[in-house]
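For clarity, every value in this text was computed on a predicted model and none was experimentally measured.
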Amino acid sequence: MEINKIIQKSHISADLKNIAEKVFQSQRISVDEGLLLYEKAELSFLALLANNIREQKNGDYTYYIKNIHIEPTNICIHNCKFCSYSRKAGEAGAWEMSMAEIIEKIKHALLKGISEIHIVGGVHPQRDLYYYAEMISEIKKIAPETHIKAFTAIELDYMFKKSEKTYSEGFEILKKAGLNSIPGGGAEIFSENIRQQICENKSSGKIWLKIHEAAHKSGIQSNATMLYGHIENYSHRIDHLEKLRELQDKTAMFNAFIPLKYRNKNNDMSSIQEVTVNEDLRNYAVCRIFLDNFNHIKAYWPMIGKATTQLSLSFGVDDIDGTIEDSTKIYSMAGVEEQNPLMTTENIHEIIKGAKRIPVERDSVYNQLRITN
Ligand code: V47
Ligand code: SF4
């Protein structure tokens with residue numbers, strides 16, 4: 001491997017050279033080595049390693065999906081300090097969409113050829129499992145072929161408890177209604193110490209992992225996320241990644257990993273500075289290197305912005321999510337420059353081709369629908 005020879009001759013420290021050796025031999029790196037990458041490795045070294053893995057797994061292909069994001073409500077029982085969009089019932093800015101409104105938005109999006117409906121929202125105190133099962137089955141009536149990816153583990157934990165169902169009973173009900181997979185939200189950082197400081201009282205990291213394991217056992221695939229760039233340190237990030245890697249070893253049912261950069265506008269942690277683009281790219285790369293059993297690393301462009309998304313394609317990222325129709329308010333309310341998070345297929349192709357990669361439209365489980373050379 002030519003690149004490895006160049007690295008081995010360079011002035012890089014011996015312990016980093018060992019990591020490069022392992023990566024080029026497709027070996028798994030340890031927790032300590034992951035930490036060392038975060039602490040010591042500079043950007044171009046990380047890019048070489050992460051890009052090598054990206055190209056082994058996905059070549060130049062860069063995936064996107066035509067989808068719609070629906071946020072049925074921002075009314076939430078929790079008080080996550082990083083959250084800019086949740087409200088209490090009756091508070092100014094609170095919203096609750098009716099079933100008719102949801103159906104109307106989906107009908108409109110179906111005309112544009114979407115293949116996925118992504119639904120996440122606040123944990124509404126009055127809404128139980130049966131309300132959401134009904135929502136899914138109403139949507140399936142008008143979109144029987146469209147994949148529904150819905151509800152974070154935090155919403156699921158609440159609705160299962162409220163309706164006194166075990167995780168597996170709950171998933172059976174949602175599956176019967178038409179749920180196809182679950183998104184990765186709510187993971188934040190698994191460390192209980194950090195969770196206590198940023199999202200006290202919300203379902204624990206252990207519960208998040210148990211719910212995803214139960215989903216996988218029920219045949220429901222999922223994604224995973226990590227909220228980074230706030231009060232956590234590199235050990236917390238590596239601990240989070242290690243727990244995901246362990247679960248993926250057991251089930252192999254995670255589709256993608258999505259690092260979520262903390263955005264600091266209009267929330268209770270606004271005094272915390274956002275991390276730099278250099279740090280975003282280093283983080284994408286370390287995640288790509290560490291999570292050897294995840295096939296896809298996604299840059300969620302409404303959160304990270306279009307410019308960094310394009311750069312991320314050289315740092316291990318192979319997926320940029322979708323043409324987000326309509327309302328994803330989680331990030332626009334947290335200060336992301338893209339206030340109207342919508343990209344046409346042409347915009348997506350421009351971003352991917354500009355990074356000298358090949359756009360591939362995919363479905364929710366990464367079947368390739370259209371390759372644009
Ligand atoms: O869990 C909330 C995060 C998540 C902020 O699975 C914030 O395909 C940064 O999970 N700054 C929800 N992040 C979104 C989510 C998601 C998004 C796209 C794709 C998928 C997928 C999942 O948003 C929350 C939380 O971690 N979040 N506030 C903030 N101020
Ligand atoms: Fe509620 Fe989710 Fe916001 Fe936390 S991040 S307050 S659980 S909507």
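For an aromatic pair to be called close, the ring centres must be under 6.0 Å apart, and H296 with F257 fails this. With ring centers used as reference points, H124 lies 6.0 Å or more from Y132. Taking the six-membered ring where the residue is Trp, the centroids of Y85 and W95 are separated by under 6.0 Å.
Evaluation of the side chain to side chain contact (heavy atoms under 4.5 Å, CB included) rule for L48 yields I3, I7 as partners, not counting sequence neighbours. Qualifying salt bridge (charged side-chain N to carboxylate O under 4.0 Å, His left out) partners for D319, counting only residues two or more places apart in sequence or in other chains: R362.
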Tell me, with the steps shown, if K353 and E346 meet salt bridge (charged side-chain N to carboxylate O under 4.0 Å, His left out).
CA-CA 10 Å; K353 286 186 167 175; E346 287 67 37; over 6 Å; no
Please step through salt bridge (charged side-chain N to carboxylate O under 4.0 Å, His left out) for the pair D318 and R54, ending with a clear verdict.
CA-CA 7 Å; D318 64 278; R54 184 247 205 255; 6.0 Å; no
List the steps and the verdict of salt bridge (charged side-chain N to carboxylate O under 4.0 Å, His left out) for E213 and K210.
CA-CA 5 Å; E213 188 168 0; K210 281 201 172 128; over 6 Å; no
Tell me, with the steps shown, if R237 and E279 meet salt bridge (charged side-chain N to carboxylate O under 4.0 Å, His left out).
CA-CA 13 Å; R237 288 194 211 170; E279 181 62 19; 3.1 Å; yes
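Contact annotation: the side chain of D15 approaches that of L36 to within less than 4.5 Å [non-hydrogen atoms, C-beta and beyond]. Between E274 and K261 there is a side-chain heavy-atom pair separated by less than 4.5 Å. Using a 4.5 Å cut-off on side-chain heavy atoms (C-beta onward), I220 and N180 make no contact. Looking at heavy atoms from C-beta onward, Y228 lies in side-chain contact with V275 at the 4.5 angstrom threshold. Looking at I371 and N373, their side chains come closer than 4.5 Å, going by heavy atoms from C-beta outward. Contact annotation: the side chain of E246 approaches that of E242 to within less than 4.5 Å [non-hydrogen atoms, C-beta and beyond]. Between P72 and I102 there is a side-chain heavy-atom pair separated by less than 4.5 Å.
Looking at H147, K149, E116 one by one, the single match for side-chain hydrogen bond (donor to acceptor under 3.5 Å, both in side chains) with S181 turns out to be H147.
When every heavy atom of I211 is checked against every heavy atom of A153, the shortest pair comes out as CD1-O, 3.4 Å. The minimum heavy-atom distance between S314 and N51, with the atom names listed, is O-CB, 4.2 Å. The shortest non-hydrogen separation linking L244 to L209 is CD2-CD2, 4.2 Å. The shortest non-hydrogen separation linking D363 to I65 is C-CD1, 3.6 Å. Pairing each heavy atom of Q8 with each of K17, the nearest pair is O-NZ, 3.0 Å. Across all non-hydrogen atoms, the minimal contact from I136 to A150 is CD1-CB, 4.1 Å.
Applying the ring pair (Phe, Tyr, Trp, His ring centres under 6.0 Å) rule to pairs touching residues 173-209 yields F190-W208, F190-H240, W208-H212, sequence neighbours excluded. Residue pairs meeting the salt bridge (Lys or Arg N to Asp or Glu O under 4.0 Å) criterion with at least one partner in residues 19-36, sequence neighbours excluded, are K22-E33, R28-D249, R28-D292. Every pair passing salt bridge (Lys or Arg N to Asp or Glu O under 4.0 Å) that includes a residue from residues 186-199 is listed here, sequence neighbours excluded: E188-K202.
Using cut-offs of 30° and 60° for the angle between ring planes, the Y366 and Y63 rings count as perpendicular. Below 30°, between 30° and 60°, or above 60°: for F160 and F171 the angle between ring planes is above 60°, a perpendicular geometry. Under the 30°/60° scheme for interplanar angles, the aromatic rings of H230 and Y262 are found to stand perpendicular. Classification of the H349-Y64 ring pair by plane angle, with boundaries at 30° and 60°, yields perpendicular.
Salt bridge annotation for E96-R127: present, with a cationic side-chain nitrogen under 4.0 angstrom from a carboxylate oxygen. Using a 4.0 Å cut-off between charged nitrogen and carboxylate oxygen, E55 and R357 count as a salt-bridge pair.
Enclosure of atom NZ in K88 by more than 12 non-hydrogen atoms of other residues, nucleotides or ligands within 6.0 angstrom is indicated. Summarising the local packing, NZ of K162 is surrounded by more than 12 heavy atoms from other residues, nucleotides or ligands at distances under 6.0 Å. For Q25, the CD atom counts as densely surrounded, since its 6.0 Å shell holds more than 12 non-hydrogen atoms of other residues, nucleotides or ligands.
When hydrophobic side chains of Ile, Leu, Val, Met, Phe, Trp and Tyr are connected at separations under 4.5 Å, L111 ends up as a singleton with no cluster partners.
For the residue pair S137 and E134, no side-chain donor N or O sits within less than 3.5 Å of a side-chain acceptor on the partner. There is a side-chain donor-acceptor pair under 3.5 Å between D157 and S203.
Relative to the six-membered ring of F290, R245 meets both conditions, a distance below 6.0 Å and an angle of at most 45° to the axis.
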